[in-house]
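All chains are named by letter (A, B, ...) in the order of the sequence lines, taking the proteins before the strands, and each is independently numbered beginning at 1. All figures in this text were calculated on a predicted structure; none of them were measured in a lab.
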2 protein chains.
Amino acid sequence: MKERGKYYAVVADDHAIVRSGLRAALETPGQIDPDGIEVTGEAENGLEAIALARQHKPDLLLLDVQMPLAGGAEVVVEVRRWSPDTKIVVLTGVTAIGMISALVDSGVDGLFSKGDDNQELYMRLPSILRGQRYIARRFVAALKEKPKGAQLTGRERQMLNMILAGHSNKDIAGILGISVKTVDKHRTSMMQKLDVHSVPQLMAFALREGLVDPASEL
Amino acid sequence: MKERGKYYAVVADDHAIVRSGLRAALETPGQIDPDGIEVTGEAENGLEAIALARQHKPDLLLLDVQMPLAGGAEVVVEVRRWSPDTKIVVLTGVTAIGMISALVDSGVDGLFSKGDDNQELYMRLPSILRGQRYIARRFVAALKEKPKGAQLTGRERQMLNMILAGHSNKDIAGILGISVKTVDKHRTSMMQKLDVHSVPQLMAFALREGLVDPASEL
DNA sequence: CGCAACATGGGGCCAATCCCCCATTCAAGT
DNA sequence: ACTTGAATGGGGGATTGGCCCCATGTTGCG
């Protein structure tokens, strides 16, 4: 715990414009912190974000969830592992309930929508740095009205990703070294959980709900 | 044609952080223009962008392609219709060849990647305002090495969108009021053009290549 | 320990897909 | 006037998918 003094931050986003915009807001004295928050590093993909957080151990990590090489809740978990005192604040462009839910569960300290006015972010950051947690109102509402825990098992999620990559049941069976029937079983039970009834519907659903990472290597 | 004097611009992006970042860069004197470029409006979706361009008739429109309500090349064409003297500069997060190709064909004055350093944008803007055209090097290279004209007919593109929305052949036939066999024919010939051999592969390909608009309500 | 959940397989059935063949109409070029 | 291409529609067959039945192991948890 730190008592008083300059804060240090790392910003991670795949778009340079966003990084410089955030840097400007953070570093401007009086905007968020009376002394300004010093940005000690910028990451343009998930792996860089994890590496920088590990090296710099910043007070704050401003993180986009849609990034190349690594994205989503996994980055949050990784950063936590290596730098437990870093407050992780996620900015997301996707508002899909699946992704939001995963992020909240992963234990982010702050969660904001890129579409909303960033004043909300700037206003809440000081209290987040002091240990408070804040999830944007729109997300809290969305999670409440739809607590639909369509949770998939590990194998099922794996199937989903491979199906979205364009692999057939037979392909998947070959790649994973298991029977086609087993693949079929996983796919079938997954589709029942999600209440869809064909592979195209499954793909459309997964895309819409953000159950998988579209930035991943599909 | 204007000779000398202050430039006026409109910025359009669905993320507030990006808008404020661009506004700051444009308005800072000396950064791009000696007197700075005045931002007279901000749009957070495609329709707003078209409306603002029509009202303000700015010298410059900085435009994101992935926006709610309207996106992609359509916005460029619309803006051209209503404000032919506005220089349209597109910033894109997607680097998919299909989208890039459509944008170049639509006649943008500038095309830049959000992932690249924005210095490239700032350096080129003055000459674009003077009437030069500039497409980011990475896109020129991508278009050259892959002039693959996988062009679909109107009906085929329509099939593609409905398939991606999760509709089966039978569904589509019902919606469009045509025979299932005709739907099958369109889908088959489309898949041959694209060299894919199943609906999941088709979807994966379309997503990867940006042949369809992922921002549309699918 | 029991027991639920997960992962692994198999048989079988019907519907949907993938892909070949074919024909007709209609509009746009050259 | 001839050809090309898009759009419409059909027959038929091989393959795959969607979903039901069933069984076997292996975990994790109270």
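For dG17(D), the OP1/OP2 oxygens have a side-chain nitrogen or oxygen of N169(A) closer than 4.0 Å. Close to dC18(C), at under 4.0 Å from its OP1 or OP2, lies no side-chain N or O of Q192(B). Residue T182(B) places none of its side-chain N or O atoms closer than 4.0 Å to OP1 or OP2 of dA7(D). Dashed line: the shortest gap from a side-chain N or O of H186(B) to OP1 or OP2 of dG9(D) is not under 4.0 Å. In this model, the phosphate group of dG18(D) is approached by a side-chain N or O of R187(A) to a distance below 4.0 Å at OP1 or OP2.
Rounded to whole angstrom, the span from the CG atom of L194(B) across to the C1' atom of dC19(C) amounts to 16 Å. Separating the CG atom of L176(B) from the C1' atom of dT8(D) is a distance of 12 Å, rounded to the nearest angstrom. Atom NZ in K185(A) sits roughly 13 Å away from atom P in dC22(D) (whole-Å rounding). Look at NE2 on H197(A): it is 11 Å from C1' on dC19(D), rounded to the nearest Å. Between the C1' atom of dC19(C) and the CD atom of Q201(B) lies a distance of 14 Å, rounded to the nearest Å. Taking atom CE of M162(B) as the reference point, atom P of dT17(C) lies 13 Å away to the nearest angstrom. In this structure, D171(A) atom CG and dT16(D) atom P are separated by 10 Å, rounded to whole Å. Distance, I178(B) CD1 to dA7(D) P: 10 Å, rounded to whole Å.
Each of M159(B) and K181(B) was assigned the nucleotide of DNA chain D with the nearest heavy atom; the assignment lying further toward the 5' end belongs to M159(B). The nearest heavy atom of DNA chain D to P200(A) and to D184(B) marks one nucleotide each, and the one closer to the 5' end goes with D184(B).
Close placement of the Y134(B) and F112(B) rings is indicated, their centers lying within 6.0 Å of each other.
Counting heavy atoms of neighbouring residues, nucleotides and ligands inside a 6.0 Å radius, atom CZ of R137(B) does not exceed 12 of them.
Closest to the side chain of S179(B), from the set dT8(C), dC19(D), dG10(D), is dG10(D). Of the listed nucleotides (dG17(D), dG18(D), dC19(C)), dG17(D) has the atom at the smallest distance from the side chain of S168(A). Set against dT17(C), dT16(D), dA7(C), the side chain of V199(B) has dT17(C) as its closest nucleotide.
When each of H186(B), R187(B), K193(B) is checked for a side-chain hydrogen bond (donor to acceptor under 3.5 Å, both in side chains) with E156(B), only K193(B) meets the rule.
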Exercise for the section: Show the numbers, then the answer: is there a salt bridge (charged side-chain N to carboxylate O under 4.0 Å, His left out) between R80(B) and D109(B)? Expected result: CA-CA 11 Å; R80(B) 262 289 134 65; D109(B) 297 288; 2.4 Å; yes
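The two residues A49(B) and A12(B) come nearest to each other via the heavy atoms CB-CB, 3.8 Å.
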